[in-house]
Amino acid sequence: MSLDWAALSDGELATLSVAGRQAAFAEIVRRYRQPMFRLSRAFLGDADDALDVTQEAFVAAHQALSRYDPNRSMQAWLTTIAVNKCRDWARKRAVRRFLSFALPNDEQVQSIVDEQVPIDDAAGDRQELDRVTHAISTLPANLKEPLVLRTIEGLSQAETADVLGISQKAVETRLYRARARLLEKLGSR
């Protein structure tokens, strides 16, 4: 007799996964991979980097699954992990940029990424999505995080406050500022 993994609660899946049932964690990944990827892409602005960070977040979640509180939302718990992985990645990127100035010029040229939109992404909707995603990724972290969690991931104001460790009023204020800054950035082009 096999279990219907889709019918189990997140808490039951976590318990089974801790007990060694790999299929239980595979179901957790199946349920939350798209929201985690969207979150990472919104934070980082690059699909390849977002995929790497999403994978790192799931690895970290699997390692910490024994500490998961079944009374807490699995999505909120995973979102906290993903936000922290995005922050780590951003810090590493800043260090790499700083250190790249120490490279000889020919190595710098080889390490420069071509940021031109690929030809197959040239459709108007895709370009607009890329423009908005890039604009969001350039916001300061304290504005970007609540914007992504509330508007893209659809977390409630209370869940967003819980994930970020700030008050609900702070979430509201930061959302207002993030939207205003985003309108400035998108309007200036």
Side-chain angles (χ1 to χ4, degrees), residues 1-93 118 120-121 123 125-126 129-130 132-134 136-137 139 141-168 170-171 174-175 178:
M1 182 173 144
S2 66
L3 288 172
D4 180 12
W5 299 106
L8 297 176
S9 71
D10 290 339
E12 292 168 329
L13 289 172
T15 302
L16 288 169
S17 182
V18 169
R21 301 291 297 267
Q22 292 179 349
F25 191 72
E27 176 63 20
I28 292 171
V29 172
R30 187 196 64 75
R31 287 181 187 180
Y32 296 106
R33 70 178 172 231
Q34 288 301 326
M36 298 287 283
F37 175 77
R38 282 192 315 266
L39 171 80
S40 299
R41 178 141 195 257
F43 269 85
L44 305 175
D46 181 80
D48 292 333
D49 293 336
L51 184 59
D52 290 343
V53 169
T54 301
Q55 290 173 347
E56 286 180 26
F58 277 118
V59 168
H62 187 266
Q63 292 170 344
L65 207 50
S66 62
R67 297 189 306 267
Y68 169 68
D69 176 6
N71 296 323
R72 185 173 180 204
S73 159
M74 175 68 77
Q75 184 168 4
W77 184 71
L78 289 170
T79 298
T80 301
I81 293 170
V83 166
N84 287 333
K85 290 296 176 187
C86 287
R87 288 174 179 163
D88 291 346
W89 186 90
R91 279 191 294 272
K92 289 176 190 174
R93 179 173 56 181
D120 57 343
D121 287 346
D125 289 344
R126 182 65 187 176
L129 177 63
D130 288 345
V132 171
T133 301
H134 177 72
I136 291 171
S137 72
L139 290 172
N142 68 328
L143 300 180
K144 175 176 32 181
E145 293 167 358
L147 180 70
V148 168
L149 295 175
R150 284 284 289 136
T151 60
I152 295 175
E153 290 310 308
L155 270 63
S156 70
Q157 196 157 320
E159 289 171 325
T160 302
D162 183 43
V163 166
L164 297 176
I166 59 177
S167 70
Q168 290 186 40
V171 169
R174 290 179 186 185
L175 272 174

Stepwise, does the side chain to side chain contact (heavy atoms under 4.5 Å, CB included) test hold for Asp46 with Arg41? CA-CA 6 Å; Asp46 181 80; Arg41 178 141 195 257; over 6 Å; no

Side chains of Asp88 and Glu56: closer than 4.5 Å at any heavy-atom pair? no

Distance-minimising heavy-atom pair for Ala24 and Ser17: CB-N, 3.7 Å

Take Glu145 and Arg87 through the test salt bridge (Lys or Arg N to Asp or Glu O under 4.0 Å) and record every step on the way to the result. CA-CA 10 Å; Glu145 293 167 358; Arg87 288 174 179 163; 2.5 Å; yes

To the nearest 0.5 Å, atom CZ of Phe25 lies from atom CD of Gln22 at 11.0 Å

Taking the side chain as everything from C-beta on, heavy atoms only, tell me whether His62 gets closer than 4.5 Å to Ile28. no

If we only count heavy atoms from C-beta on, is the Leu175 to Leu147 side-chain gap below 4.5 Å? yes

Verify side chain to side chain contact (heavy atoms under 4.5 Å, CB included) between Leu164 and Thr160, making sure each step is shown before the conclusion. CA-CA 6 Å; Leu164 297 176; Thr160 302; 3.9 Å; yes

Could you tell me which non-hydrogen atom of Gly45 sits nearest to which non-hydrogen atom of Thr133, and how far apart they are? CA-CG2, 3.9 Å

Atom CZ of Arg21 with >12 non-hydrogen neighbours under 6.0 angstrom: no

Donor-acceptor pair, Lys85 side chain versus Val53 backbone, under 3.5 Å? no

Would you mind listing every salt bridge (charged side-chain N to carboxylate O under 4.0 Å, His left out) that reaches into residues 149-160, with sequence neighbours excluded? Arg38-Glu153

Under the 3.5 angstrom rule, does the side chain of Gln63 hit a backbone N or O of Ala60 as a donor-acceptor pair? no

Start with the C-alpha gap between Trp89 and Leu44, add the side-chain angles, then the distance that decides, and say whether side chain to side chain contact (heavy atoms under 4.5 Å, CB included) holds. CA-CA 9 Å; Trp89 186 90; Leu44 305 175; 3.2 Å; yes

Measuring from Gln75:CD to Thr80:OG1, what's the distance to the nearest 0.5 Å? 10.5 Å

What's the shortest heavy-atom distance between Ala7 and Arg31, and which atoms? N-NH2, 4.4 Å

To the nearest 0.5 Å, what is the distance between CZ on Arg30 and CG on Leu13? 9.5 Å

Is it true that the side chains of Tyr68 and Asp10 contain a donor and an acceptor less than 3.5 Å apart? no

Separation between CZ of Phe43 and CG of Asp49, rounded to the nearest 0.5 Å: 14.5 Å

Quickly, which of Leu39, Thr54, Leu78 forms a side-chain contact (heavy atoms from CB on, under 4.5 Å) with Tyr32? Name it, please. Leu78

Please round to the nearest 0.5 Å and tell me the distance separating atom NZ of Lys144 and atom SG of Cys86. 7.5 Å

What is the minimum heavy-atom distance between Thr79 and Met36, and which atoms define it? N-SD, 4.2 Å

Check whether Arg33 reaches the backbone of Phe58 with its side chain - one donor and one acceptor, N or O, closer than 3.5 Å. no

Less than 4.5 Å apart, side chain to side chain, heavy atoms only: is that true for Trp5 and Leu16? yes

Walk me through whether Ile136 and Val132 qualify under side chain to side chain contact (heavy atoms under 4.5 Å, CB included). CA-CA 6 Å; Ile136 291 171; Val132 171; 3.9 Å; yes

Looking only at heavy atoms, what is the nearest atom pair of Ala57 and Ala82, with distance? CB-CA, 4.0 Å

